[in-house]
Amino acid sequence: MIDLKLVQKQPEVLARALASRHSDLDVNEFLSLDARRRALLSEVESLKSQRNTASGQVAACKREGRDASALLAELGTLSDRIKELDAQTAQARVDVETWLLRVPNIPDASVPVGRDETENVEVARWGQPRSFDFTPHEHGDLGTALGGLDFERAAKLTGSRFAVSLGWAARLDRALANFFLDQHTVHADYLEVSPPYMVNRTTMTGTGQLPKFEEDLFRLAEWDYYLIPTAEVPLTNLHAGEVLEEAQLPRAYCAATPCFRSEAGSAGKDTRGLIRMHQFTKVEMVRFAHPDDSFNQLEIMTGHARRLLELLELPYRVITLCTGDMGFGAAKTYDIEVWLPAQQTYREISSCSNCIDFQARRADIRFKPKGGKSAFVHTLNGSGLPTGRAMAAILENGQQKDGSIVLPKVLVPYMAGVECIEPR
RNA sequence: GGAGGGGUAGCGAAGCGGCCGUAACGCGCUCGACUCGAAAUCGAGUUACCGGUGAUGAGCCGGUACGUGGGUUCGAAUCCCACCCCCUCCGCCA
């Protein structure tokens, strides 16, 4: 959620931000909702002030044994009027709140203004895409041929956009999660967490999935619980409603969890392979930072994700998302794209965002400077990394002419010494 | 699922219809005294949010908040109802 004060004092800043994101929200509509709320509030507050004074007089009468019936009669009508206005004020507040909850974050000044993904800006590139002396196959076909992936049986068990992994692929999935977690917890400052995979409505609202993106989520039929679309949700909300010590910042958490996404609106996209699943495993990084330090922390966290790809020897590039392509809660986002030889293209494998105070305000996550007033922390999140897309990249980049897959060296200890997946 | 206890400031905890929410008391934190310095001790200060007025500051005025949402009442932390969460015991269970 953005700062109400900012909208009130500088509506043009929000209007510009909304335009750069192609939002159809009308700031003027909000200003009139808020003006109505404030007018009602002023009126009811002055009536309440009268009531409080008069109530004090009633108490005084009772104490001194005097008659207060005239005063009480007057208070009766006043209280009725207050009750009426209270209801209207509450509704006006809900209207304002509802509007604010649907407003995306304001892009940072360093974010390029642009229409869509074609206007994202490349900022770094690592590794050389390998040249093949044969036509490289897609990872789905490779995995299926090697007996590790089974999409048909997954469709039988559940439906489309699910995968069953078996044998070496099941182990590779587990190896990747363990490898990522070990890197984050041993070579960086993350605390490993094993959170719930389903969370309540308040939690989903705290990170911004609700109320606007309900159709992207899986919800349990008889409960107001949702399956998490990313561990960002439970990890960020870990400190919801809390006041952290300034000295505790930055704080870093990571978790490997299944992620569940309805993929509404992506019918027909990425229907082959592991790229777009209803369920996938991802290691997520979340950081809570001091406002003065959060953009520095974004660079650090993006570095953590990049390092994993370098250790896996997978070529990638880093892009800064433009205003039109950024996610709802982000003020700035770096996407990391890994090279997929079968498609001859870089595909998103990680997204690292600084949400500044947007989620902290929704989830009420503050810190208290020594002797100062408490303020909202800044929250960051980044994928580090999803195991499915990482596996896709490993299969495609490591494939040999004979159909075997050479695994990255760092994974060999996690694969019980296996260096190469051989055709049966 | 059953029985009981509880949810109040950063933490612990008192209050159980108006004189108690800038919320007793204790801890913590900030400043000061003492000290070469520290500890201990002593003194002072320290809730958040919303509205009005200021400069998106300070201050001042007003309002709201005692798990959440309703109700009773002129007035609710306090009484009633529903729900959520935590603790103890019992039952069931991976």
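Each chain gets a letter, A, B and so on, in the order the sequences are listed, and its residues count up from 1. Remember, predicted model here, so these are calculated numbers, not experimental data.
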| task | Check every atom of B:rG52, B:rU64, B:rC50 against the side chain of A:Glu45 and return the nucleotide holding the closest atom. | result | B:rC50
| Can you tell me the Watson-Crick or wobble partner of B:rA38, both distances under 3.5 angstrom? | none
| field | Main-chain N/O of A:Glu396 paired to A:Gln399 side chain as donor or acceptor, under 3.5 Å | value | yes
| field | C1'-based separation of B:rA23 from B:rC11 [nearest Å] | value | 15 Å
| request: Find the distance A:Leu41:CG to B:rG52:C1' and express it as a whole number of Å. | output: 10 Å
| query | So, A:Ser32 side chain and A:Glu29 main chain: donor-acceptor pair closer than 3.5 Å or not? | reply | yes
| request: Check the distance between B:rG54's C1' and A:Gln8's CD and give it to me in whole angstrom. | output: 15 Å
| request: Could you tell me whether the side chain of A:Arg251 and the main chain of A:Phe288 form a donor-acceptor pair under 3.5 Å? | output: no
| query | Where the side chain of A:Arg366 is defined as all heavy atoms beyond and including C-beta, which of B:rG51, B:rC74, B:rA48 is the nearest nucleotide? | reply | B:rA48
| remark: Tested for side chain to side chain contact (heavy atoms under 4.5 Å, CB included) against A:Ser383, the lone hit among A:Met285, A:Lys282, A:Glu348 is A:Lys282
| message | Mind checking if A:Gln10 touches a base, just sugar-phosphate, or nothing, with heavy atoms under 4.0 Å? | response | base
| Distance test, side-chain N/O of A:Asn52 to OP1/OP2 of B:rG75, below 4.0 Å | no
| message | As a test of reading the structure: which of B:rU56, B:rA48, B:rC50 is closest to the side chain of A:Lys9, going by heavy atoms? | response | B:rU56
| request: Between B:rU56, B:rC85, B:rC74, spot the one nearest the side chain of A:Tyr225, thanks. | output: B:rC85
| said: Taking 4.0 Å as the cut-off, does a side-chain nitrogen or oxygen of A:Arg51 come that near to OP1 or OP2 on B:rC74? | reply: no
| query | Heavy atom of residues 79-103 of chain A under 4.0 Å from RNA chain B: which residues? | reply | A:Ser79, A:Lys83
| note | Between NZ of A:Lys5 and P of B:rG52 the distance, given in whole Å, is 9 Å
